[in-house]
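Below, each value reflects all heavy atoms present in this structure, side chains not excepted, and no hydrogens, waters or symmetry copies.
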Amino acid sequence: MSKIDVEKYLVSKPAYEVIPDFEVEGRIGPAMTLLSNNLIADTNNYVEVGWILSMPNPNPCIGEHVHEYDEIVMHIGIDPSDPEDLGAEITFYLDGQPLTINRTSTVFVPKGMKHGPLIWKRVDRPHLEMTIMLGAGSLMEADPGGHKAREGKK
(Lines give C-alpha, C1' and ligand atoms only; values in the text may rest on other atoms or scores of the structure.)
Protein backbone atom coordinates (compact mmCIF):
# COMPACT_ATOMS: atom_id res chain seq x y z
CA MET A 1 0.00 0.00 0.00
CA SER A 2 1.40 3.42 -0.95
CA LYS A 3 1.68 6.16 1.63
CA ILE A 4 -0.10 9.47 1.23
CA ASP A 5 2.06 12.57 1.55
CA VAL A 6 0.32 13.98 4.63
CA GLU A 7 2.83 16.85 4.89
CA LYS A 8 0.93 18.64 2.11
CA TYR A 9 -2.00 19.03 4.52
CA LEU A 10 0.04 20.91 7.14
CA VAL A 11 0.37 24.71 7.20
CA SER A 12 3.29 25.53 9.47
CA LYS A 13 3.96 29.01 8.05
CA PRO A 14 0.91 31.27 7.80
CA ALA A 15 0.47 33.78 5.00
CA TYR A 16 0.19 37.49 5.76
CA GLU A 17 -1.96 38.56 2.84
CA VAL A 18 -4.75 40.60 4.44
CA ILE A 19 -4.14 44.33 4.55
CA PRO A 20 -6.92 46.56 5.90
CA ASP A 21 -7.91 49.50 3.71
CA PHE A 22 -7.22 51.64 6.77
CA GLU A 23 -4.95 51.29 9.79
CA VAL A 24 -6.58 49.91 12.93
CA GLU A 25 -4.89 50.67 16.24
CA GLY A 26 -5.16 47.94 18.88
CA ARG A 27 -4.72 45.04 16.47
CA ILE A 28 -1.60 43.20 15.39
CA GLY A 29 -1.68 43.23 11.66
CA PRO A 30 -1.87 41.91 9.17
CA ALA A 31 -3.97 38.93 10.24
CA MET A 32 -2.47 35.48 9.72
CA THR A 33 -4.04 33.38 7.00
CA LEU A 34 -3.85 29.82 8.28
CA LEU A 35 -5.71 28.07 5.46
CA SER A 36 -6.46 28.95 1.84
CA ASN A 37 -6.15 27.43 -1.60
CA ASN A 38 -2.76 29.18 -1.83
CA LEU A 39 -1.53 27.29 1.25
CA ILE A 40 -3.18 23.91 0.60
CA ALA A 41 -4.52 23.41 -2.91
CA ASP A 42 -8.25 22.85 -3.41
CA THR A 43 -9.27 23.20 0.25
CA ASN A 44 -11.91 25.79 -0.69
CA ASN A 45 -11.94 27.10 2.87
CA TYR A 46 -10.31 30.20 4.31
CA VAL A 47 -9.12 30.62 7.91
CA GLU A 48 -7.58 33.76 9.36
CA VAL A 49 -6.71 34.82 12.89
CA GLY A 50 -5.72 38.13 14.42
CA TRP A 51 -4.80 39.48 17.84
CA ILE A 52 -6.86 42.20 19.50
CA LEU A 53 -4.47 43.91 21.94
CA SER A 54 -6.51 46.94 23.01
CA MET A 55 -9.57 48.92 21.95
CA PRO A 56 -9.61 49.01 18.16
CA ASN A 57 -9.50 52.47 16.66
CA PRO A 58 -11.50 53.16 14.60
CA ASN A 59 -14.29 51.27 16.35
CA PRO A 60 -16.11 49.67 14.64
CA CYS A 61 -13.36 48.50 12.35
CA ILE A 62 -15.56 45.77 10.85
CA GLY A 63 -18.76 47.08 9.27
CA GLU A 64 -21.94 45.37 8.13
CA HIS A 65 -21.39 42.96 5.25
CA VAL A 66 -22.68 39.72 3.75
CA HIS A 67 -21.07 36.63 2.17
CA GLU A 68 -22.21 33.98 -0.25
CA TYR A 69 -20.85 31.25 2.03
CA ASP A 70 -21.25 30.20 5.66
CA GLU A 71 -18.85 31.79 8.12
CA ILE A 72 -17.74 30.88 11.64
CA VAL A 73 -16.47 33.77 13.78
CA MET A 74 -14.68 32.97 17.04
CA HIS A 75 -13.45 35.25 19.81
CA ILE A 76 -11.07 33.36 22.06
CA GLY A 77 -9.85 34.38 25.52
CA ILE A 78 -6.26 33.63 26.45
CA ASP A 79 -6.34 33.65 30.26
CA PRO A 80 -5.02 30.18 31.22
CA SER A 81 -6.74 30.37 34.61
CA ASP A 82 -10.13 31.13 32.97
CA PRO A 83 -10.01 30.43 29.21
CA GLU A 84 -13.75 31.07 28.87
CA ASP A 85 -13.32 34.72 29.95
CA LEU A 86 -12.77 36.75 26.78
CA GLY A 87 -11.26 39.73 28.57
CA ALA A 88 -13.35 42.03 26.41
CA GLU A 89 -16.92 42.87 25.49
CA ILE A 90 -18.08 43.07 21.89
CA THR A 91 -21.45 43.86 20.37
CA PHE A 92 -21.75 41.68 17.27
CA TYR A 93 -24.71 42.44 15.02
CA LEU A 94 -26.25 39.43 13.30
CA ASP A 95 -29.13 40.14 10.90
CA GLY A 96 -29.41 43.60 12.50
CA GLN A 97 -29.78 42.19 16.01
CA PRO A 98 -27.11 42.71 18.69
CA LEU A 99 -25.31 39.85 20.39
CA THR A 100 -23.16 40.58 23.44
CA ILE A 101 -19.89 38.64 23.45
CA ASN A 102 -17.87 38.68 26.67
CA ARG A 103 -16.89 35.01 26.90
CA THR A 104 -14.91 32.80 24.54
CA SER A 105 -17.55 32.14 21.90
CA THR A 106 -18.45 31.15 18.37
CA VAL A 107 -20.98 32.78 16.06
CA PHE A 108 -22.24 30.84 13.04
CA VAL A 109 -23.22 33.20 10.22
CA PRO A 110 -25.34 31.48 7.55
CA LYS A 111 -24.71 32.23 3.88
CA GLY A 112 -26.46 35.44 2.83
CA MET A 113 -27.05 36.78 6.37
CA LYS A 114 -25.96 40.37 7.04
CA HIS A 115 -23.58 40.66 9.96
CA GLY A 116 -21.59 43.46 11.51
CA PRO A 117 -20.71 45.89 12.66
CA LEU A 118 -18.59 44.50 15.48
CA ILE A 119 -18.24 47.12 18.19
CA TRP A 120 -15.74 46.64 21.01
CA LYS A 121 -17.16 48.04 24.28
CA ARG A 122 -14.07 47.26 26.32
CA VAL A 123 -10.79 45.35 26.09
CA ASP A 124 -9.24 44.34 29.42
CA ARG A 125 -6.61 42.04 27.94
CA PRO A 126 -5.63 40.67 24.52
CA HIS A 127 -7.74 38.03 22.83
CA LEU A 128 -7.92 36.27 19.48
CA GLU A 129 -10.41 36.75 16.67
CA MET A 130 -10.61 33.84 14.22
CA THR A 131 -12.80 33.50 11.15
CA ILE A 132 -13.46 30.38 9.11
CA MET A 133 -15.06 30.94 5.72
CA LEU A 134 -16.55 27.67 4.52
CA GLY A 135 -16.39 27.43 0.74
CA ALA A 136 -14.18 30.51 0.22
CA GLY A 137 -10.74 29.32 -0.79
CA SER A 138 -9.04 32.64 -1.38
CA LEU A 139 -8.83 36.14 0.03
CA MET A 140 -10.72 37.39 -3.02
CA GLU A 141 -13.64 35.05 -2.19
CA ALA A 142 -13.43 35.57 1.58
CA ASP A 143 -13.08 39.35 1.63
CA PRO A 144 -16.06 41.24 3.05
CA GLY A 145 -14.87 44.40 1.33
CA GLY A 146 -12.64 45.86 4.05
CA HIS A 147 -9.29 44.44 2.92
CA LYS A 148 -7.04 44.23 -0.07
CA ALA A 149 -4.46 41.66 -1.02
CA ARG A 150 -0.74 42.24 -0.55
CA GLU A 151 1.04 42.92 -3.82
CA GLY A 152 1.35 39.76 -5.89
CA LYS A 153 -1.42 37.91 -4.01
CA LYS A 154 -4.96 37.18 -5.10
Could you walk me through whether Thr33 and Tyr46 pass the side chain to side chain donor-acceptor pair (under 3.5 Å) check?
CA-CA 8 Å; Thr33 301; Tyr46 194 87; 3.0 Å; yes
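- Counting heavy atoms from C-beta outward, Val107 and Phe92 have side chains that approach closer than 4.5 Å.
- To the nearest 0.5 Å, the span separating CG on Leu86 from CZ on Arg103 amounts to 9.0 Å.
- Of the possible polar contacts, one joining the Asp5 side chain to the Glu7 backbone as a donor-acceptor pair under 3.5 Å is found.
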In sequence, state the C-alpha distance, the side-chain angles, and the governing distance for Asn38 and Ser36, and then conclude on side chain to side chain donor-acceptor pair (under 3.5 Å).
CA-CA 5 Å; Asn38 288 336; Ser36 70; 4.6 Å; no
Please test Val109 against Ile72 for side chain to side chain contact (heavy atoms under 4.5 Å, CB included), starting from the C-alpha separation and ending with a verdict.
CA-CA 6 Å; Val109 182; Ile72 299 165; over 6 Å; no
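- A distance-only check finds no donor-acceptor pair linking the side chain of Asn102 to the backbone of Ala88 [under 3.5 Å].
- Contact check for Lys8 versus Leu10: no side-chain heavy atoms found under the 4.5 Å cut-off.
- Taking each heavy atom of Gly135 and Asn45 in turn, the nearest pair found is N-OD1, 3.0 Å.
- The two residues Pro14 and Leu34 make their nearest non-hydrogen contact at CB-CD2, 3.7 Å.
- Of all heavy-atom pairs spanning Ile40 and Leu35, the tightest one is CD1-CD1, 3.8 Å.
- Counting only heavy atoms from C-beta outward, the side chains of Trp120 and Cys61 approach each other to under 4.5 Å.
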What verdict does the side chain to side chain contact (heavy atoms under 4.5 Å, CB included) test give for Leu118 and Thr91, after you've listed the backbone C-alpha separation in whole Å, the side-chain angles of each residue and the deciding distance to 0.1 Å?
CA-CA 6 Å; Leu118 279 70; Thr91 301; over 6 Å; no
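- Side-chain atoms of Arg125 and Asp79, non-hydrogen and from C-beta on, do get closer than 4.5 Å to each other.
- For the pair Leu134 and Tyr69, the minimum side-chain heavy-atom distance is 4.5 Å or more.
- For the residue pair Asn44/Asn37, the side-chain donor-acceptor check at 3.5 Å is satisfied.
- Looking at Glu89 and Ile101, their side chains never come closer than 4.5 Å, going by heavy atoms from C-beta outward.
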Could you please spell out the steps behind the side chain to side chain contact (heavy atoms under 4.5 Å, CB included) verdict for Leu128 and Met130?
CA-CA 6 Å; Leu128 292 171; Met130 178 180 281; 5.9 Å; no
Side chain to side chain donor-acceptor pair (under 3.5 Å) between His115 and Glu71, worked out
CA-CA 10 Å; His115 54 291; Glu71 180 177 19; 2.9 Å; yes
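- Note: Asp124 CG to Ser54 OG = 11.5 Å, rounded to the nearest 0.5 Å.
- Judged by distance alone, the side chain of Thr43 and the main-chain N or O of Ala41 form no donor-acceptor pair under 3.5 Å.
- The two atoms that bring Leu139 and Glu17 nearest to each other are CD2-O, 3.5 Å, heavy atoms only.
- Side-chain atoms of Asn57 never come within 3.5 Å of backbone atoms of Glu25 as a donor-acceptor pair (strictly under, hydrogens ignored).
- Proximity of a side-chain donor or acceptor of Asp95 to a complementary backbone N or O of Lys114 within less than 3.5 Å is not detected.
- When atom types are taken as modelled, the side chain of Glu141 and the backbone of Ser138 share a donor-acceptor pair closer than 3.5 angstrom.
- Ser81 and Pro83 get closest at one heavy-atom pair: C-CD, 3.9 Å.
- Ile78 has its side chain within reach of Trp51: a pair of non-hydrogen atoms, C-beta onward, lies under 4.5 Å apart.
- Side-chain contact between His75 and Thr104 is absent, with no heavy-atom pair separated by less than 4.5 Å.
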Show the numbers, then the answer: is there a salt bridge (Lys or Arg N to Asp or Glu O under 4.0 Å) between Arg27 and Glu129?
CA-CA 10 Å; Arg27 297 182 73 129; Glu129 180 178 57; 2.7 Å; yes
Might you work through the side chain to side chain contact (heavy atoms under 4.5 Å, CB included) test for Tyr93 and Ile119, ending with a clear yes or no?
CA-CA 9 Å; Tyr93 285 86; Ile119 302 169; 4.0 Å; yes
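- Heavy atoms only, all atoms of each residue included: Pro56 and Val24 are closest at CB-CG1, 4.0 Å.
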